[in-house]
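Notes follow once the structure below has been shown.
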Amino acid sequence: MSDTTLTDTVAETGSDKFTIVRSASRKRMRPSGSAVVMTLYLLFMLLPIYWLLNMSLKTNTEILNTFTLWPRDLTFANYATIFSDPAWYMGYVNSLIYVVMNTVISLTVALPAAYAFSRYHFMGDKHLFFWLLTNRMAPPAVFALPFFQLYSSVGLFDTHIAVALAHCLFNVPLAVWILEGFMRGVPKEIDETAYIDGYSFGKFFVKIFMPLIASGIGVAAFFCFMFSWVELLLSRTLTTVDAKPIAAIMTRTQGAAGIDWGVLAAAGVLTIVPGALVIYFVRNYIAKGFALGRV
Amino acid sequence: MNKTVNQKAWFLVLPVLVLVAFSAVIPLMTVVNYSVQDTFGNNEFFWAGLEWFKEMLESDRMWNALGRQAVFSAVILAIEIPLGIFVALNMPKSGFWASVCLVLMSLPLLIPWNVVGTIWQIFGRVDIGLLGYTLDGMGISYNYTQDPLAAWLTIVVMDVWHWTSLVALLAYAGLKSIPDAYYQAAKIDQASRWKVFRYIELPKMMGVLMIAILLRFMDSFMIYTEPFVVTGGGPGNATTMLSIDLVKMALGQFDLGPAAAFSIMYFLVILLISWVFYTVMTNLDKRDGA
């Protein structure tokens, strides 16, 4: 595997016909090593997910009594249970409400801040930037109790906005970092030209600048959405009934004496769906997002 | 990019400052407040000084949790970073299969954390889980609710499953930014595969790898949901990580003083380490920029 990879890299860029022919004959060899590694890795990634999907399509009798690699007695009853019971599907609605609220709030405040960081020096900018990072790194467990007391005291306990604001703790810094990374790539001359042409800051920002970093805004929105969606500790602590997220409803079901495995699995599968739907659009930016805009 | 000095930029940062102050500074001050006071209930507090800090520093409970946490983070990093780099090196560079790999690999990253726990809880069960059933069928005794070693293995494998793709994605992004000319030069010099990795790919990936290590360290250091769902911190206290212990103390037993002191020390450890990483990261940035 070792030198074939190199040959191919040369062949792909070089114009030497001989190299291309030679590499074509070796091409049969090349994928073998890498392809086996990737197949094994993807298998490892997908097997547990497949198992969940598999279970969600079985009846509880089949799950508990026979061990089958695929559903013999295919049923959608588990999904029907979720979609017909408000206690279940309102969990999804609650989750979506606070996740969307959080994404909107995070982006609204992060956009101007990221612009300031990417364009200007001001007093304490470096310290402020690092301070934001530390909030991304703060363990939610540290904040669980004070959040509970803070939001109870201002009467926001068990509301969607409370969870949305709590998630701003790590999503606002994240959004600022990602957006700053994208904004750095936009030449400063564009700003200056616009100001000379008589644009006000607001008009320039909305009409010219935001379309330029549209992909960055998309990626930041995706990451805010994602981290708010996967978080459980804070959203569970801050809600009891009215704004209870789907993730917390699932844990409560697990605590019951007889666990309804099929419904639990179906609920799990449904939580994977939103992420799986949007990931295709951001696949080329996902690394940049995780690198906080720093690739 | 050369930036201009403009103090008015503060106005643009102000909304973020207000919001983060509300959601970070106020709660943090509450924690500080509790950590130096004691109460007999009725909302009557009195000054306790550094009592709670002393108590926590002398208690085995925190040190044990910290020890388990440190071992866990170290094991996670030792497995995920090399494995992630290895996977990235084997990924197709472009085309249809690259997209397929990217999308499928990212899937575990987008699953709510308690569902990740649920998936592995089911997957590892001897009666209904594929992994547990297979291991049991092979004659290996495996029970993550009874055996501390099995519980640890389950949690480590789960975390590798959950987060290795993040390292792989970052390393892949780093690899893709290497110009072909570098490889051609290496070919002319007849450099071995290892030398290409050691002197071209690894240095070029250093920046993103630092971010990967930073993120993986931080997130594994504050892991809560996944082990909580799978083992609940057991058997015994075998998998009680710092966050699990803290939540038990603060919301379960309502020991506000000790829990607050615990929180502050926990946060300080993370702050210190993230500062070290941040300094290294910015220095790497500067070196690349020069």
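These figures come from a predicted structure and were not determined experimentally.
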message = Between R125(B) and W261(A), does the side-chain contact (heavy atoms from CB on, under 4.5 Å) criterion hold? Intermediate values first, please.
response = CA-CA 12 Å; R125(B) 277 178 70 108; W261(A) 291 109; 3.4 Å; yes

message = At a heavy-atom distance under 4.5 Å, which candidate from V278(A), I105(A), V172(A), T108(A) has the highest pair count against chain B?
response = V172(A)

task = Indicate whether any N or O donor in one side chain lies under 3.5 Å from an N or O acceptor in the other, for S165(B) and Y41(A).
result = yes

ask   = What distance do N114(B) atom CG and T271(A) atom OG1 have between them, rounded to the nearest 0.5 Å?
value = 7.5 Å

request  = May I ask you to name which of L107(B), L242(B), L131(B), I122(B) has the most heavy-atom pairs under 4.5 Å with chain A?
outcome  = I122(B)

key: OH (Y92(A)) with more than 12 external heavy atoms under 6.0 Å   = yes

message = Quick check on the interface: out of S95(A), P112(A), G275(A), who has the most heavy-atom pairs with chain B under 4.5 Å?
response = P112(A)

query = Taking the side chain from W51(A) and the backbone from I119(B), do they hold a donor-acceptor pair closer than 3.5 Å?
reply = no

request  = Might you point out which heavy atoms bring V160(B) and F44(A) nearest each other, and give the distance in Å?
outcome  = CG1-CE2, 4.1 Å

ask   = Which atom pair, heavy atoms only, marks the closest approach of L28(B) to F143(A)?
value = CD1-CZ, 4.0 Å

key: Nearest non-hydrogen partners of I111(B) and V230(A), listed with the distance   = O-CG1, 3.5 Å

key: Euclidean distance, N90(B) CG relative to M38(A) CE, rounded to 0.5 Å   = 7.5 Å

key: Greatest number of heavy atom pairs closer than 4.5 Å to chain A - which of V5(B), I128(B), L104(B)   = I128(B)

note = Honestly, the part of L130(B) sitting under 4.5 Å from a heavy atom of chain A is both

inquiry  = What's the separation between atom OG1 in T30(B) and atom CZ in F147(A), rounded to the nearest 0.5 Å?
reply    = 9.5 Å

message = The criterion is salt bridge (charged side-chain N to carboxylate O under 4.0 Å, His left out); which residues satisfy it with E201(B), sequence neighbours excluded?
response = R193(B)

ask   = If every non-hydrogen atom of A24(B) is compared with every non-hydrogen atom of L169(A), which pair is closest and at what distance?
value = CB-CD1, 3.5 Å

note = Separation between CG (L145(A)) and OH (Y34(B)), nearest 0.5 Å, reads 6.5 Å

query = For the residue pair M222(B) and P140(A), what are the closest heavy atoms and their distance?
reply = SD-CD, 4.2 Å

ask   = Do you know which two heavy atoms are closest between V20(B) and W131(A), and how far apart they sit?
value = CG1-CH2, 3.5 Å

request  = Under 4.5 Å, counting heavy-atom pairs only, tell me which of A171(B), S99(B), P92(B), A168(B) racks up the most with chain A.
outcome  = S99(B)

message = Among Y133(B), W113(B), F123(B), which residue has the highest count of heavy-atom pairs closer than 4.5 Å to chain A?
response = Y133(B)

request  = Using non-hydrogen atoms and a 4.5 Å limit, figure out which bit of D219(B) sits close to chain A: side chain, backbone, both or neither.
outcome  = side chain

remark   = Most contact-rich option vs chain A, by heavy-atom pairs under 4.5 angstrom, among A212(B), C101(B), G129(B), A259(B), is G129(B)

key: Under 3.5 Å side-chain donor-acceptor pair for E231(A) and Y224(B)   = no

key: Sub-4.5 Å side-chain heavy-atom contact between L128(A) and V16(B)   = no

request  = Report the option among I26(B), L215(B), V116(B) that has the most heavy-atom pairs separated by less than 4.5 Å from atoms of chain A.
outcome  = L215(B)

ask   = Rounded to the nearest 0.5 Å, what separation is found between the CG atom of L232(A) and the CD atom of E226(B)?
value = 10.0 Å

inquiry  = Just so I know, are the side chains of S23(B) and L165(A) near enough to count as touching, which here means a heavy-atom distance under 4.5 Å?
reply    = no

Do any side-chain atoms of residues 7-14 of chain B form donor-acceptor pairs under 3.5 angstrom with protein atoms, and if so which ones, sequence neighbours left out?
from: Q7(B); atom 1: OE1; to: M123(A); atom 2: N; distance (Å): 2.9
from: W10(B); atom 1: NE1; to: M123(A); atom 2: O; distance (Å): 3.1

note = Rounded to the nearest 0.5 angstrom, the OG-OH distance for S106(B) and Y280(A) is 13.0 Å

